[in-house]
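Structure first, commentary second.
Because the structure is predicted, anything quoted here is derived from the model rather than measured.
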Amino acid sequence: MNLPIVESNRIRKQVDVALAYALFKREHCGKKLQQITLPPEIKRDYLGVSSIATPPCELYYNLMDSPKDENDTSTRFGFDTAHLLESYVLDLLQVEDRQGEVSFSYFLAPDEVIKGHYDGRTNDLIRDGACIIEIKATGGYSFSKKIEEGADAGHVEQAFIYAAGSSSPYFIIIYCNREAKKNTAFYYVCGYHIPDMEAAQKAVRELFDERFAPVLFALHNKRPPQPKSPSYEFGPRGWRCRPDKIYFSRGKEQFQVGYCSYRSICPDALMYAEQEETKKQAEMA
């Protein structure tokens with residue numbers, strides 16, 4: 001859906017200058033970072049805003065507390081480096097308000113509430129209003145695509161909901177390059193302005209109705225089916241467990257299968273995996 005926001009080059013440039021100046025001071029004057037505590041994996045007992053771009057079948061299994069694949073060491077490392085980069089950037093921008101909670105009443109949700117926690121919120125970065133800051137760590141290839149194509153729609157929606165829920169007229173998404181080297185960029189800023197907060201509140205409700213309501217209704221019936229033609233509607237990898245040529249990752253030349261933690265129990269994923277194995281065996285024969 002079209003969000004009532006305006007992409008703002010002024011905000012992007014202002015944050016870019018603030019980060020560049022902070023990095024300059026870091027290089028020439030040193031910088032004492034706040035102590036970083038890596039949080040343990042905590043299972044949520046609520047419907048989170050960050051699930052706004054989750055494919056319906058995956059969200060269904062999540063809300064049903066279905067068994068899923070355990071995170072391996074590499075995945076855990078990825079989460080930890082993301083937390084480190086988040087704290088690093090928020091320290092550079094001297095953001096004190098971190099991990100603040102926003103909540104929305106929604107009668108279909110568990111306990112009739114949807115919650116979310118923004119990375120940071122500040123009144124000092126943009127002079128005429130509060131600004132939500134969301135930080136996303138990514139690999140080098142994905143980082144380059146963000147510079148070419150802009151922020152992922154799901155990331156924009158997530159930060160937009162945090163901004164609307166906290167009455168913040170501005171929000172920014174900062175992508176951090178895990179693979180930054182001497183001649184590559186470390187961060188890329190996307191900035192947005194919400195000119196009409198009343199329209200933003202209405203858009204948040206419409207997003208919840210569009211993305212969450214069908215899955216929440218399905219909890220009392222059966223798992224929502226996969227469409228015949230998956231789309232980019234639910235994040236950059238669409239319906240992530242579907243390894244066929246109908247679905248592909250935006251920005252990639254080759255078709256690829258995305259990761260889903262519930263592939264071991266999802267009947268569609270098991271069927272597709274069996275079909276792929278049959279094709280492979282036929283090609284080898």
Side-chain angles (χ1 to χ4, degrees), residues 1-5 41-71 75 79 101-118 134 136 151-165 200-244 246-250 257-273:
M1 63 175 291
N2 294 323
L3 302 179
I5 59 177
E41 287 192 82
I42 300 176
K43 180 170 174 53
R44 294 176 178 173
D45 57 358
Y46 58 87
L47 177 56
V49 169
S50 59
S51 298
I52 196 68
T54 301
C57 55
E58 183 178 355
L59 179 58
Y60 170 84
Y61 285 126
N62 191 355
L63 293 173
M64 291 293 288
D65 199 21
S66 302
K68 65 178 182 178
D69 298 343
E70 296 293 330
N71 291 326
T75 303
F79 290 153
E101 183 175 282
V102 294
S103 61
F104 304 85
S105 297
Y106 197 71
F107 76 97
L108 291 175
D111 297 325
E112 299 186 358
V113 65
I114 297 173
K115 297 180 183 179
H117 299 84
Y118 51 74
E134 278 298 298
K136 305 293 183 183
D152 280 351
H155 295 161
V156 175
E157 291 166 351
Q158 180 185 351
F160 164 74
I161 294 171
Y162 293 151
Q201 297 287 350
K202 180 181 178 183
V204 168
R205 298 291 169 175
E206 291 175 353
L207 269 174
F208 290 166
D209 289 341
E210 177 185 304
R211 306 293 175 78
F212 291 151
V215 180
L216 292 168
F217 278 121
L219 295 179
H220 306 287
N221 188 9
K222 60 181 180 180
R223 182 182 69 95
Q226 292 202 29
K228 293 182 178 179
S229 299
S231 68
Y232 180 68
E233 182 180 359
F234 295 100
R237 292 181 176 175
W239 290 73
R240 283 175 275 180
C241 65
R242 188 172 185 137
D244 61 26
I246 297 175
Y247 131 78
F248 57 94
S249 180
R250 187 184 74 161
V257 180
Y259 176 76
C260 175
S261 298
Y262 300 99
R263 286 184 297 179
S264 60
I265 63 171
C266 172
D268 289 299
L270 293 171
M271 179 185 68
Y272 296 141

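- Judged purely by atom type and a 3.5 angstrom limit, Q158 has no side-chain atom pairing as donor or acceptor with the backbone of V49.
- One distance of note links OG1 of T54 with OH of Y61; it measures 15.0 Å at 0.5 Å rounding.
- Heavy-atom minimum distance, P67 versus I265: O-CD1, 3.6 Å.
- How far CG of L207 is from NZ of K202: 13.0 Å, rounded to the nearest 0.5 Å.
- From S50, atom OG reaches atom NZ of K115 across 13.0 Å, with rounding to the nearest 0.5 Å.
- Minimum heavy-atom separation, I114 to G48: CG2-C, 4.4 Å.
- Between R211 and A53, the shortest heavy-atom distance links the atoms NH1-CA, 4.4 Å.
- Heavy-atom minimum distance, V156 versus A151: CG2-CB, 3.7 Å.
- At a threshold of 4.5 Å between non-hydrogen side-chain atoms, the residues F160 and P4 count as touching.
- Residues V102 and Y118 meet the side-chain proximity criterion, which asks for heavy atoms closer than 4.5 Å.
- Screening V113, L59, I52 against L47 for a side chain to side chain contact (heavy atoms under 4.5 Å, CB included) leaves a single residue, L59.
- The side chain to side chain contact (heavy atoms under 4.5 Å, CB included) with V204 is formed by just one residue from the set F104, Y162, Y106; it is F104.
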*Dump the intermediate steps for side-chain contact (heavy atoms from CB on, under 4.5 Å) on L108 and L219, then the final yes or no.*
CA-CA 10 Å; L108 291 175; L219 295 179; over 6 Å; no
*So H155 and E134, side-chain contact (heavy atoms from CB on, under 4.5 Å) or not? Walk me through it.*
CA-CA 8 Å; H155 295 161; E134 278 298 298; over 6 Å; no
